[in-house]
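Everything below concerns the one structure shown next.
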There are 2 protein chains.
Amino acid sequence: MPESIWFRDDARRVRRPRLSRERIVEAAVALLDAEGVNGFSMRALAARLRAGTMSLYEYVKSKEDVLDLALDEVIGEIDTEEHGAWRQTIVHQLTQSRQVMRRHPWMAALTGTRPLLGPNALARSRLFYSALAAAGLSGPALTAAVGALTYYVNGYVAAENTWWATVRTPDADAEIRERVARFLEDNATELSRHAHVDDGDFDRHFLLGLDIILDGIEARLPG
Amino acid sequence: MPESIWFRDDARRVRRPRLSRERIVEAAVALLDAEGVNGFSMRALAARLRAGTMSLYEYVKSKEDVLDLALDEVIGEIDTEEHGAWRQTIVHQLTQSRQVMRRHPWMAALTGTRPLLGPNALARSRLFYSALAAAGLSGPALTAAVGALTYYVNGYVAAENTWWATVRTPDADAEIRERVARFLEDNATELSRHAHVDDGDFDRHFLLGLDIILDGIEARLPG
DNA sequence: CCCTCTTCCGTGCACTGTACGGAAAACCGT
DNA sequence: ACGGTTTTCCGTACAGTGCACGGAAGAGGG
């Protein structure tokens with residue numbers, strides 16, 4: 001009777017490792033969100049999982065691996081819904097990209113230095129190519145257009161995040177903010193005259209730059 | 001007589017510190033060029049200068065300082081000669097940017113994550129703004145155009161460097177190269193069909209993407 | 001000759017990634 | 001029920017990091 005299924009704790013006996021690659025990646029994203037890429041360490045990651053540091057290495061070869069996996073994981077968050085006109089599809093995809101990169105500001109530090117070959121990255125890339133191909137582009141023009149758009153988005157959001165990180169720095173508060181503002185006003189007149197002051201400005205500028213590039217692309221469409 | 005100027009060794013007595021911020025920055029650039037941003041450490045930098053590690057801290061507050069200074073230093077290498085037509089001036093400046101970023105591949109890892117506020121960075125920025133202002137742009141359109149162009153260049157060269165670093169990796173040689181090639185062919189059909197295979201391809205693609213953006217800008221010029 | 005100031009740097013601390021090898025647990029064949 | 005194999009976990013250790021601290025060595029001025 002005690003060995004009946006209802007009393008046995010099979011759950012414990014089934015091969016159920018406490019750790020898994022999925023759990024590690026999930027915790028890594030959370031840690032990166034909370035502490036940034038500098039505050040990210042294998043020890044801290046293990047602590048967050050209540051595991052020994054070296055246990056992680058059963059599932060990944062190195063810290064680099066974890067970063068690659070975490071990056072591809074959040075790239076998977078980008079929504080790629082189709083819209084009617086190709087231009088709206090593109091704008092939507094890139095706006096989504098921007099939002100994900102703002103949710104995970106550490107992405108910029110990684111995308112610039114490593115090839116994006118994870119499954120999610122490849123999937124977004126394919127979708128993006130096909131959206132532009134549907135517009136009528138092909139060959140080198142297609143490749144160039146994809147490049148122009150993706151590099152613009154990445155660079156824009158990286159700069160945007162850096163800006164917020166600089167201004168929102170919780171030192172001396174108004175003190176620092178004031179100094180930065182004066183500094184920019186003195187040193188980069190044209191730049192500061194149209195400087196960003198709130199989210200709305202960033203939104204508008206983002207879409208404006210996007211429109212410029214899209215105009216250039218449209219001019220190159222056959223027919 | 002022995003105390004005559006010709007016998008005294010005044011050069012030795014003149015305050016002439018062995019180290020200086022300039023020497024440190026110069027050595028830092030050399031070290032970064034040789035070892036990349038991962039191989040860069042304060043100890044290695046000091047060794048290169050035949051100095052004790054802590055001596056560096058007499059001239060800089062932190063490693064971050066050194067990186068900021070090194071980055072602004074190489075930004076200063078960008079040549080910003082004027083050309084007749086605004087479009088050629090822009091193309092020239094950005095081509096120069098690309099070349100400098102290829103000479104110092106570690107730049108990409110830094111530009112994405114820190115504000116570029118050094119004197120050289122500000123100077124290039126101003127020149128770039130004025131080149132586009134001369135074309136007739138102003139206000140938010142000017143800011144957006146500058147953003148679209150600079151982010152494109154940074155992103156493009158970062159990707160380009162990553163590509164070369166991946167392909168040129170001196171492991172297993174042809175083995176790895178073959179695998180990467182197959183991988184791309186399988187996973188990103190459109191991408192690999194127009195993949196880059198040599199410097200010439202990168203040059204052409206770079207200019208092509210640039211032209212697309214410039215077309216978009218030109219369409220927006222008043223008059 | 002002392003006093004101060006600049007320059008240099010050895011030592012030490014808290015922290016990093018990860019190689020290695022061992023312990024414990026779960027599975028399998030008998 | 002038991003020995004052996006494989007999987008999971010992780011403590012220890014090592015070489016490396018950035019940099020705080022405090023002291024030494026020298027130069028300049030009184």
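The figures here come from the full heavy-atom set of this structure, side chains too, leaving out hydrogens, waters and symmetry mates. Within every chain, numbering begins at 1; the chains are lettered A, B, ... in the order of the sequence lines, protein sequences first and strands thereafter. Just so it is clear, the model here is predicted, and its values are computed rather than measured.
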Considering residues, nucleotides and ligands other than A:E26, do more than 12 of their heavy atoms fall under 6.0 Å from its CD?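 No.
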
Does a sphere of radius 6.0 Å around CD in B:Q96 hold more than 12 heavy atoms from other residues, nucleotides or ligands, not counting ones at 6.0 Å or beyond?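 Atom CD in B:Q96 is crowded, with more than 12 foreign heavy atoms closer than 6.0 Å.
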
Testing A:Q93, A:R126, A:H92 for side chain to side chain contact (heavy atoms under 4.5 Å, CB included) with A:T80, which one passes?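 Exactly one option meets the side chain to side chain contact (heavy atoms under 4.5 Å, CB included) with A:T80, and it is A:Q93.
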
Check DNA chain C against residues 48-62 of chain B and give the residues with a non-hydrogen atom under 4.0 Å, in numerical order.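 Contacting residues: B:A51, B:G52, B:M54, B:S55, B:E58, B:Y59.
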
Quick one: which protein N/O atoms are closer than 3.5 Å to N/O atoms of nucleotides 13-16 of chain C? Pair and distance per line, please.
from   : atom 1 : to    : atom 2 : distance (Å)
C:dT16 : OP1    : A:S41 : OG     : 3.1

Are A:V66 and A:F40 packed together at the side-chain level, in the sense that at least one heavy-atom pair is separated by less than 4.5 angstrom? yes

Do the non-hydrogen side-chain atoms of A:F206 and A:V153 ever get within less than 4.5 Å of each other?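 A:F206 reaches A:V153 side chain to side chain.
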
Residue pair A:K61, A:D68: steps toward the salt bridge (charged side-chain N to carboxylate O under 4.0 Å, His left out) verdict: CA-CA 11 Å; A:K61 201 173 53 55; A:D68 280 335; over 6 Å; no

Atom-pair distance ([atom1] on [X]; [atom2] on [N]), nearest Å:
| X | N | atom1 | atom2 | answer |
| --- | --- | --- | --- | --- |
| B:E64 | D:dT17 | CD | P | 16 Å |
| B:R21 | C:dT7 | CZ | P | 12 Å |
| B:N38 | C:dT18 | CG | P | 11 Å |
| B:L45 | D:dT17 | CG | C1' | 14 Å |

Please work out whether the ring planes of A:Y156 and A:F202 are parallel, tilted or perpendicular, with thresholds of 30° and 60°.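 Ring orientation, 0 to 90° scale: perpendicular.
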
Would B:D72 and B:R114 pass as an ion pair if we require N to O under 4.0 Å? no

Give a yes/no on whether any side-chain N or O of A:R23 is located under 4.0 angstrom from OP1 or OP2 of D:dT8.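 Negative; the distance criterion is not met.
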
